[in-house]
Enquirer: 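Input: one structure, supplied below.
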Amino acid sequence: MTQLRNIAIIAHVDHGKTTLVDTLLRQAGGFRENQEIAERVMDSNDLERERGITILAKNAAVRYKGTKINICDTPGHADFGGEVERALSMVDGVLLLVDASEGPLPQTRYVLRKALEKKLAPIVVINKIDRKDARIQEVLNAVYDLFIDLDATEAQLDFPVIYANARAGLAGVTPDEEMKDLSPLFDAILKNVPKPGGDALKSLQMLIANLDYSDYLGRLAIGRVFEGTVKTGENVALVRRDGTTTTAKITKLFTFEEIHRLEVEEAHAGDIVALAGFSEVNIGETVTSATDPRPLPPLHIDEPTLSMVFSINTSPMAGREGKYVTSRHIKDRLDKELLTNVALKMEPTESADSFKVIGRGELQIAILIENMRREGFELAVSNPDVITRMEKGVRHEPFELVSIDIPETFTGVMMEKMALRRGEMVKMVNHGSGRVLLDFMVPTRGLIGIRTEVLTDTRGTAVMNRLFDSFKPWVGDISRRTKGSLVADRIGNTTTFALFHLEERGELFLGAGAKVYEGMVVGENARAGDMDVNVTKAKKLTNMRASSADDALRLTPHRQLTLEQALEFISTDELVEVTPQSIRLRKRILPSEDRYKKMRPLESKD
């Protein structure tokens, strides 16, 4: 049997996980010398390449000194924590990457906590040591503090440290030594990550941690063989999460070699494999012996904290740009997503045309919406709402740890803003470099829509990260948006003349020549409350010559909202209309008369 090691690479977003996998594959001979390789080869999804982040956990394998090393590349965002938890269920050790300048950040804490809970062997890699602002010793001390804070055991605290420049493919056991390649890192993996346990002669036990789909083979179940041996053509039992059992025949069996799948006849305990032959299989289920079924404990995934309502597009422009527009199409697509994304849930609503999608955070659900948009779907999405629960008769809501790195001059502004959002400062660190790191404990409700405000208040200099902490008692009302919306009052095309005279009323989201309809949000009002505006008004033509007739009107560049910014901006009475070509904001009730009729009873109650 081949010598094996199973590791996952974990880190905060943008600390270099996928770049390190690239160089590990190159130096282990994963690519031909003349082979053209895209940067961050593991980020195979278009959205991953565009945003420079990892969204889906992926598997690869390299060989070093006769040992096969299975590598799981994981996302850094806590919104995709379900992917991290599944990847950690397949491995025996982790490489914890930490930026030599930024140090441990909120998602570093999150992924390390998950690894320590599973008693995995850690190897700390201080990455990007070539940065001019690197603080190597301070960062290492911060990593030790983080381990102690997370109640690491004595054995876990005795972790090896490797210093690396992943982009250049260099590593060493001290930061000052002359580095040639990543051999010190490979050697540390072989020395410190334990060999996978399990007995190839025992009854088969394999936990499904990921799913894939092949046009030729159907659904593929990916997971680690914990006990026994799995063979092509063998009849096995599939134990579902509810305890029921079905049998199936394994038609194809693959292991991972570099970034490809390699078809094999059998695989033994400790290896990570992909199986074909199941008509229906879900994450967290156990593949086991048909004659002696022994299910493994199912995967435990953290509870979701946010929900949004997906519904059909009912605007006057519905059906013009999208291919899939009905509620049946939307439901089928969401059902398909739930098969592979265990961190998402879906609940029915009172309307047959809308569905409540529950997830980890705004980014996770926004990625799903963006994927659907690119696939040709048209839909309307509500503003994010937090999930609450009752504990001992008291209403509890999710709280998050928010870490904000800002210039010293904006400290007062940020503390005031967080206080308005019911935030409580728990830590303040001044590195003496002109920047301050502030940690706040804030209700998730208070963080909806805050990123744009923080960037505006700090002139784009803030770096903000957030991490779910726990459910705590409800803290009362939190004001979100202090300004209203500018709402189009008729259908037509926007004109330069109308927009020019509306600029003093607020910030516009549209330029000249855009199609609008009644009830569509075209900008942000400078004051509280909504304002109906005519953005289609053209200049009246007369026979009289005015002194300013020949002056060209110049519009201030409008604010183009991204999908995430649109979801953050809308209030409870608004929706985001998403189509393959456009992102529009609109009121739930389009006719202005109907909107005001609904508001009058509410105003009289106040």
Enquirer: With rounding to the nearest 0.5 Å, note down the distance linking CG in N6 to CG in D271.
Expert: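 Interatomic distance, N6 CG to D271 CG, rounded to 0.5 Å: 7.0 Å.
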Enquirer: For a quick test of reading the model, state the closest non-hydrogen atom pair linking R422 to V475 and the distance between them.
Expert: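 Result for this residue pair: NH1-O, 2.8 Å.
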Enquirer: Using every non-hydrogen atom in the two residues, find where L306 and P384 come nearest and quote the distance to one decimal.
Expert: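 Looking at all heavy atoms of both residues, the shortest contact is CD2-CB, 4.2 Å.
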Enquirer: Between D405 and R435, is there a donor-acceptor pair closer than 3.5 Å when you use the side chain of the first and the backbone of the second?
Expert: no
Enquirer: Are side-chain heavy atoms of I10 and L88 found at a separation under 4.5 Å?
Expert: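 With C-beta onward as the side chain, the pair touches.
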Enquirer: Please evaluate residues D187 and Y64 with respect to the criterion side-chain hydrogen bond (donor to acceptor under 3.5 Å, both in side chains), reporting the C-alpha separation (whole Å), side-chain torsions for both, the decisive distance (0.1 Å), and the verdict.
Expert: CA-CA 9 Å; D187 291 332; Y64 180 75; 3.0 Å; yes
Enquirer: Does the pair D92/R224 count as a salt bridge with the N-to-O cut at 4.0 Å?
Expert: yes
Enquirer: Could you tell me which residues satisfy side-chain contact (heavy atoms from CB on, under 4.5 Å) with A188, sequence neighbours excluded, listed by chain and number?
Expert: I123, I162, N192
Enquirer: Inspect the surroundings of CD in E424 and state if more than 12 heavy atoms from other residues, nucleotides or ligands are less than 6.0 Å away.
Expert: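 At most 12 heavy atoms, drawn from other residues, nucleotides or ligands, come within 6.0 Å of this atom.
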Enquirer: For A134, is there any backbone N or O sitting under 3.5 Å from a side-chain donor or acceptor partner on K128?
Expert: no
Enquirer: Quick one, I208 and I222 - any side-chain contact, counting heavy atoms below 4.5 Å?
Expert: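 Of all side-chain heavy-atom pairs linking I222 with I208, none is under 4.5 Å.
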Enquirer: Minimum heavy-atom separation for V125 to L185, with atom names?
Expert: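 Heavy atoms only, the tightest pair is CG2-CD1, 4.0 Å.
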Enquirer: So how far is it from N165 CG to I126 CD1, rounded to the nearest 0.5 Å?
Expert: 13.5 Å
Enquirer: I'd like to check the side-chain contact (heavy atoms from CB on, under 4.5 Å) partners of D469; sequence neighbours left out, ordered by chain and number.
Expert: M441, K472
Enquirer: If the condition is salt bridge (charged side-chain N to carboxylate O under 4.0 Å, His left out), which residues does R445 pass it with, not counting sequence neighbours?
Expert: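 E397.
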Enquirer: Are any side-chain N or O atoms of T19 and backbone N or O atoms of A166, one a donor and one an acceptor, separated by less than 3.5 Å?
Expert: no
Enquirer: Between R5 (side chain only) and I69 (backbone N and O only), is there a donor and an acceptor less than 3.5 Å apart?
Expert: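 The answer is no, because no donor-acceptor pair under 3.5 Å joins these two groups.
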Enquirer: Would you call E391-R389 a salt bridge at under 4.0 Å N-O?
Expert: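 A salt bridge links E391 with R389.
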Enquirer: Under the criterion side chain to side chain contact (heavy atoms under 4.5 Å, CB included), I'd like the reasoning laid out for I404 against M418: C-alpha separation, chi angles, the key distance, then a yes or no.
Expert: CA-CA 11 Å; I404 306 176; M418 287 300 173; 3.2 Å; yes
Enquirer: Would you mind reporting whether I365 and V381 have side-chain heavy atoms less than 4.5 Å apart?
Expert: no
Enquirer: Stepwise, does the side-chain hydrogen bond (donor to acceptor under 3.5 Å, both in side chains) test hold for T174 with D176?
Expert: CA-CA 6 Å; T174 62; D176 304 320; 5.9 Å; no
Enquirer: Run the side chain to side chain contact (heavy atoms under 4.5 Å, CB included) check on V357 and L334 step by step: do they pass?
Expert: CA-CA 8 Å; V357 177; L334 292 175; 3.9 Å; yes
Enquirer: Any chance CG of D133 has more than 12 other-residue heavy atoms, nucleotides or ligands included, within less than 6.0 Å?
Expert: yes
Enquirer: In Å, rounded to the nearest 0.5 Å, how long is the span from CD1 of I570 to OG1 of T572?
Expert: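 With rounding to 0.5 Å, CD1 (I570) is 9.5 Å from OG1 (T572).
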Enquirer: Specify the closest pair of heavy atoms between G103 and V98, including all atoms of both residues, with the distance to one decimal.
Expert: C-CG1, 3.5 Å
Enquirer: Supply the atom-to-atom distance E416 CD to L420 CG, rounded to the nearest 0.5 angstrom.
Expert: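 Output value for this atom pair is 6.0 Å.
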Enquirer: Just by distance, do the side chain of R135 and the backbone of S101 share a donor-acceptor pair under 3.5 Å?
Expert: yes
Enquirer: Identify whether the distance between the nearest side-chain nitrogen and carboxylate oxygen of R167 and D130 falls below 4.0 Å.
Expert: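 A salt bridge is absent here (no side-chain N lies under 4.0 Å from a carboxylate O).
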Enquirer: Is any side-chain N of the basic residue among R559 and E524 closer than 4.0 Å to the acidic one's carboxylate O?
Expert: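 Here R559 pairs with E524 in a salt bridge, since their nearest N and O are under 4.0 Å apart.
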Enquirer: Under 3.5 Å, is there a donor-acceptor pair between the side chain of T286 and the main chain of V239?
Expert: no
Enquirer: Would you indicate whether the side-chain heavy atoms of L182 and L24 approach each other to under 4.5 Å?
Expert: yes
Enquirer: I'd like to know if the side chain of E362 reaches the main chain of E564, judged simply by a donor and an acceptor atom lying under 3.5 Å from each other, with no hydrogens or angles considered.
Expert: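 Judged by distance alone, no pair lies under 3.5 Å.
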Enquirer: Can you find a heavy atom in the side chain of S403 that is under 4.5 Å from one in the side chain of L437?
Expert: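 Yes; the side chains approach each other to less than 4.5 Å.
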Enquirer: Under the side chain to side chain contact (heavy atoms under 4.5 Å, CB included) rule, what do L25 and V62 come out as? Steps first, then yes or no, please.
Expert: CA-CA 6 Å; L25 285 165; V62 297; 3.5 Å; yes
Enquirer: Just so I know, are the side chains of T409 and R459 near enough to count as touching, which here means a heavy-atom distance under 4.5 Å?
Expert: no
Enquirer: So, taking the atom named OG1 in T456 and the one named CD1 in I450, what distance separates them when rounded to the nearest 0.5 Å?
Expert: 11.5 Å
Enquirer: Side chain to side chain contact (heavy atoms under 4.5 Å, CB included), that's the test. Do F186 and K65 meet it? Break it down for me.
Expert: CA-CA 9 Å; F186 280 117; K65 293 183 178 178; over 6 Å; no
Enquirer: Heavy-atom distance under 4.5 Å between the side chains of D457 and F410, does that happen here?
Expert: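 No - every pair of side-chain heavy atoms lies 4.5 Å or more apart.
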Enquirer: Check for a donor-acceptor pair, side chain of R421 on one end and backbone N or O of V442 on the other, with a separation under 3.5 Å.
Expert: no
Enquirer: Quick check: do N371 and E337 have side-chain heavy atoms less than 4.5 Å from each other?
Expert: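 Side-chain contact under 4.5 Å: no.
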Enquirer: Shortest non-hydrogen contact from V111 to A11?
Expert: CG2-N, 3.9 Å
Enquirer: What are the two closest non-hydrogen atoms of A60 and F256, and how far apart are they?
Expert: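 Where A60 meets F256 most closely, the heavy atoms are C-CB, 4.5 Å.
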Enquirer: Would you compute the distance between atom CG of L146 and atom CG of L112 and round it to the nearest 0.5 angstrom?
Expert: 5.0 Å
